[in-house]
Amino acid sequence: MANPKAEIFELNNGTMQVLVSNLGCTITSLSVPDKDGVLSDVVLGLDSLDSYQKGLSPYFGCIVGRVANRIKDGKFRLDGVQYSLPLNNPPNSLHGGHVGYDKKVWEVVEYAKGETPSITLKYHSHDGEEGYPGDVTVTATYTLTSSTTLRLDMEGVPKDKPTIINLAQHTYWNLAGHDKANILDHSIQILANHVTPVDQNSVPTGEIMPVKGTPFDFTSEKRIGNTINEVGIGYDHNYVLDCGEEKAGLRHAAKVRDPLSSRVLNLWTNVPGVQFYTANYVNGIAGKGGVVYEKHAGLCLETQGFPNAINQPNFPSIVVKPGEKYQHSMLFEFSIE
């Protein structure tokens, strides 16, 4: 078929409104009510698809792949073959390379309105693309499953070669509203007793470290600003999701609360890790509606396989073989507390 063109699609159930583009499966806007019923857009983003296509977005709202996060030195071995990836985040490869899935225009497979509106997007990734082996078909479905709940289901199916797949949804949240200064007054609970410490290039060392007694401990809800200055320029770390309760095949990953609006986000997932990132590298980005985003303007909770897992035998495997299917689900539950 002809190359699809980049567009924006609305999911609206009368309570919340989500705008999704087929460019990178990007959430460009997500509006939910606050304690007074006032709708605000709580995700960072740019004013036009043109701006996203020009590469002005630091992964706002998109799905990243074929492999999210960092691969050390852009190298890995699979079935005895050595692969080299673009070093787009020197000395590492990040979020799928120079032209990852976030920069591709996906095909719209299905778009349904009504009480539980949804959109399904699909992308065919070819063998050798950005250095990765094997053809893979990826699909992503966003669904408003209830009045204030968004679900994302991602799948990856390799055709005839083993490969590595680790997709992540990279939305930057500010529950006070995307136009509010920063997220330092947000409080967060991350259902993780362990974190994977990183080297000077933000790649996990392979260690799995208890968070107890460290500034990485969010097992109880705590204000982000309290400890952010104890971890260098901010949080950008993979948490091991090992203590959340389970429901319907998903595990509770995190709870975020904004005291100003009383908005709460509870995140559930079926994958082993979540990257907690506090927008440390955002600096003077011209955002939606004339807003300029600065450091810590938002926070990301990128559920994922562990970063650089292909080079760390003690991390859960991200290898997917023909006949197998990669499946990754996220549930974003909004409420007022």
From CA spacing to verdict: side-chain contact (heavy atoms from CB on, under 4.5 Å), Val109, Thr139: CA-CA 9 Å; Val109 180; Thr139 55; 5.5 Å; no
Give a yes or no on whether the ring-centroid distance for Phe306 and Tyr239 is below 6.0 angstrom. no
Does the ring center of His95 lie less than 6.0 Å from the ring center of Tyr59? yes
Are there over 12 heavy-atom neighbours, none belonging to Lys159, within less than 6.0 Å of that residue's NZ? no
Stepwise, does the side chain to side chain donor-acceptor pair (under 3.5 Å) test hold for Gln169 with Glu302? CA-CA 6 Å; Gln169 214 298 339; Glu302 307 154 56; over 6 Å; no
Please tabulate, for side-chain N and O atoms in residues 199-208, each donor-acceptor pair with protein atoms closer than 3.5 Å (sequence neighbours left out).
| residue | atom | partner | partner atom | Å |
| --- | --- | --- | --- | --- |
| Asp199 | OD1 | Asn201 | N | 2.8 |
| Asp199 | OD1 | Ser202 | N | 3.2 |
| Asp199 | OD1 | Val203 | N | 3.0 |
| Thr205 | OG1 | Glu207 | N | 3.3 |

Does atom CD of Glu115 have more than 12 heavy-atom neighbours from other groups under 6.0 Å away? no
Only one of Glu333, Glu337, Gln189 passes side chain to side chain donor-acceptor pair (under 3.5 Å) with Lys255; say which it is. Glu337
Taking the six-membered ring for Trp and the full ring for Phe, Tyr or His, determine whether the centres of Tyr293 and Phe60 are under 6.0 Å apart. yes
Could you grab the distance from atom CG of Asp102 to atom SG of Cys25, nearest 0.5 Å is fine? 10.0 Å
Arg257 vs Leu175 side-chain heavy atoms within contact, under 4.5 Å: no
How long is the span from the CZ atom in Phe216 to the CG atom in Asn193, to the nearest 0.5 Å? 15.0 Å
When rounded to the nearest 0.5 Å, the distance separating OG of Ser57 from NZ of Lys103 is 8.0 Å
Less than 4.5 Å apart, side chain to side chain, heavy atoms only: is that true for Ile183 and Ile224? yes
Tell me if the aromatic rings of Phe276 and Phe218 count as close, with their centers under 6.0 Å from one another. yes
Think Lys247 forms a cation-pi with Trp268, using NZ or CZ under 6.0 Å from the six-ring centre and within 45 degrees of its axis? yes
Charged N to carboxylate O under 4.0 angstrom, Lys321 versus Asp79? no
Between Tyr101 and Tyr123, is the ring pair (Phe, Tyr, Trp, His ring centres under 6.0 Å) condition met? List the steps. CA-CA 8 Å; Tyr101 296 175; Tyr123 174 64; 5.4 Å; yes
Should the pair Glu107-Lys122 be classified as a salt bridge under the 4.0 Å nitrogen-to-oxygen rule? no
Suppose clustering is done on Ile, Leu, Val, Met, Phe, Trp and Tyr with side-chain heavy atoms closer than 4.5 Å. Which residues sit in the same group as Ile164? Val67, Ile71, Phe76, Leu78, Val81, Tyr83, Leu85, Tyr132, Ile310, Ile318, Val319
Could you measure the distance from the CZ atom of Arg223 to the NE2 atom of His186? Nearest 0.5 Å is fine. 11.5 Å
For the OG atom of Ser84 and the NZ atom of Lys75, what is their distance to the nearest 0.5 Å? 3.5 Å
